[in-house]
Amino acid sequence: MLPKRAQLSQLPTHWDLLVIGGGITGAGVALLASQLGIRVLLVEQKDYAWGTSSRSSKMVHGGLRYLSQGNLRLTRESLREREIYLKELPHLVKRVPYLFPISKGQFPGRGIMGIALWLYDKLAGVNERRWLNTAELNELWPSYTNPNALGAYCYSDALTDDSRLVMRVLQEASANGAELINYVRAEDIKLHNGTSQVTLVDAHTNDTHTVYAQQVINATGAWADSLSGTANKIRPLRGSHLVIPTNLLPANSCLTLLHPRDKRPVFIFPWQGSTLIGTTDHDHQDSLQIEAQASHNEIEYLLEVVKTVFPKNTVNTSDISSVQAGVRPVISSGKAKKPSQERREHLVWRGAGRINVSGGKLTTFRVIALDALKEAGFIDGPTHRRLYRQGHLFEHSITWPKGLGDPLAPAPSQNELLAWWQWCIRHEQVQHLDDLLLRRTHVGNHQQDGGHALLLEHAPWLQRELGWSKQRWQQELTRYQAIWQQFYQIQK
Ligand SMILES: Cc1cc2nc3c(=O)[nH]c(=O)nc-3n(C[C@H](O)[C@H](O)[C@H](O)COP(=O)(O)OP(=O)(O)OC[C@H]3O[C@@H](n4cnc5c(N)ncnc54)[C@H](O)[C@@H]3O)c2cc1C
């Protein structure tokens with residue numbers, strides 16, 4: 001639970017640590033710092049998880065792809081972290097069967113995949129993989145059609161609700177005393193008598209407030225270059241997903257397919273009562289000042305997979321509930337590699353009066369946070385190693401309404417949804433309707449009208465809960481519709 005959003009002008013001016021960015025990386029840094037007794041303030045220019053951390057593939061995973069690229073360290077680290085969250089956050093991170101069909105003459109074939117998955121399991125300390133023959137594959141995916149299929153490897157990884165994972169981490173940080181404030185932008189970091197001086201701007205009022213911190217950690221992901229104080233390092237790569245009603249494309253496990261065009265892996269998987277298909281990997285040329293938007297080509301590319309492996313399935317653009325596009329903060333190799341060939345590790349580097357951290361994965365946020373805190377001088381090498389090995393992260397038991405954040409829960413009933421909304425409004429610094437419908441809950445992702453009808457039906461109740469006048473309600477409704485139509489609605 002978070003306290004009510006503070007007034008920017010009332011925040012203390014002196015801090016041990018200022019964290020800029022309220023995605024999973026910033027949240028992780030704030031949590032670990034708060035556990036170490038560091039006085040930490042975190043600011044987020046929009047809403048918590050507004051950036052990439054609500055637009056991922058929702059996987060807490062080792063990443064078979066990284067293994068195939070020979071990136072053993074990232075795979076091992078990610079698998080280790082996956083096992084930690086499966087134990088520590090069982091309602092939020094769920095083990096899911098993943099299927100990798102193999103057909104005659106395919107590369108990688110059954111032999112290589114068998115060895116890769118043996119290693120994958122070994123690195124995670126589990127024994128989950130098994131071979132399924134075609135009958136067993138068709139039992140799980142009855143309409144999967146491939147006359148050359150030999151069967152499929154079944155292994156396990158995990159799914160989560162990415163924006164709720166960020167909220168859970170922030171709630172833990174807040175319970176330890178971290179101060180968190182959304183809709184506050186950090187600008188202009190300067191060194192002042194050995195401490196960092198940062199101007200903060202309230203996105204609602206444009207009021208400014210100057211704070212001083214012993215250390216500043218710039219955890220702004222794809223936006224990191226704009227505050228790094230160094231040469232640019234980020235190659236923003238956009239990835240998009242389609243959200244499809246589950247009755248049109250039922251999914252009970254995660255199907256991993258190689259795209260017929262370029263052999264990139266594409267996943268089809270169940271998520272909170274819908275089926276998700278993703279993702280793509282393109283250089284993001286648009287301004288980072290506006291939300292990322294899936295292109296027409298990306299939508300076609302993803303639908304092509306469905307048409308190839310489910311030829312009888314008639315899903316087309318008009319069936320899509322919504323699209324979701326995010327920008328990966330990938331550390332550029334500086335070489336003209338294809339987007340998918342860029343490595344996905346994080347990087348920590350110094351700029352004047354700040355430590356920058358970007359890249360990596362949702363799954364490895366704890367490791368990223370430890371590295372950033374070490375570079376900032378809050379922990380030494382032995383403490384870093386001890387905390388890394390310790391694994392344990394969550395001390396406080398925070399009880400959410402049933403089903404909220406469960407990646408595999410079916411779509412909520414109206415009563416459940418209203419209970420979720422009420423809880424989030426009361427405890428999670430909801431400032432706008434998109435916070436409530438696209439990040440605290442996901443009605444806006446799952447419903448073809450973005451949840452508009454529900455908003456109208458419950459308008460008086462929502463107005464009361466949110467404490468908004470009629471005029472404010474109308475403004476917020478208009479704002480939400482504009483955001484949803486431009487960035488989430490499929491352009492037919
Ligand atoms: C399509 C896609 C699929 C992915 N799938 C997976 C997956 O399945 N599993 C996995 O482990 N990883 C996945 N990733 C990677 C993962 O999502 C990212 O690595 C992670 O979310 C990055 O988190 P972050 O906190 O660094 O960045 P963000 O979540 O983008 O957070 C940075 C925040 O900084 C804020 N900010 C920017 N400038 C300022 C400023 N001046 N002042 C204040 N705040 C500011 C932004 O608004 C933003 O909210 C995926 C990424 C993409 C794009």
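These numbers come from the heavy atoms of this one structure, side chains and all, not from hydrogens, waters or symmetry mates. Numbering of ligands and ligand atoms starts at 1, following listing order.
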With a heavy-atom distance limit of 4.0 Å, tell me whether [X] approaches ligand 1 through its side chain, its backbone, both, or neither.
X      : answer
Ala219 : backbone
Thr220 : both
Thr279 : side chain

Original post:
Judged by non-hydrogen atoms, does Ser358 sit under 4.0 Å from ligand 1?
Top reply: no

Original post:
Are any of the heavy atoms in Asp162 under 4.0 Å away from ligand 1?
Top reply: no

Which of the atoms in ligand 1, numbered in the order shown and given with their element, are less than 4.0 Å from a heavy-atom of [X]?
X      : answer
Val184 : 43 (C)
Leu227 : 41 (N)
Gly326 : 53 (C)
Trp50  : 47 (O)
Gly360 : 19 (O)
Arg55  : 1 (C), 2 (C)
Gly239 : 1 (C)
Lys58  : 8 (O)

Cut-off 3.5 Å, side chains only: do [X] and [Y] have a donor facing an acceptor?
X      : Y      : answer
Ser295 : Asn297 : no
Glu187 : Thr199 : no
Ser274 : His446 : yes
Gln429 : Tyr183 : no

Looking only at protein heavy atoms, identify the closest one to [atom] and say how far it is in Å.
atom                    : value
atom 8 (O) of ligand 1  : Met59 N, 3.0 Å
atom 13 (C) of ligand 1 : Ser56 CB, 3.9 Å
atom 16 (C) of ligand 1 : Leu362 N, 3.6 Å
atom 23 (O) of ligand 1 : Ser53 OG, 3.1 Å
atom 3 (C) of ligand 1  : Ser57 N, 3.3 Å

Can you check whether [Y]'s main-chain N or O pairs, donor with acceptor, with [X]'s side chain at less than 3.5 Å?
X      : Y      : answer
Ser54  : Ala49  : yes
Tyr48  : Ile181 : yes
Ser174 : Leu170 : no
Thr160 : Leu92  : yes
Arg238 : Arg328 : no
Glu88  : Phe394 : yes
Asp319 : Leu248 : no
Ser56  : Lys58  : yes

Under 3.5 Å, N or O to N or O, is [X] touching ligand 1 that way?
X      : result
Trp223 : no
Thr363 : yes
Thr52  : yes
Ala186 : yes

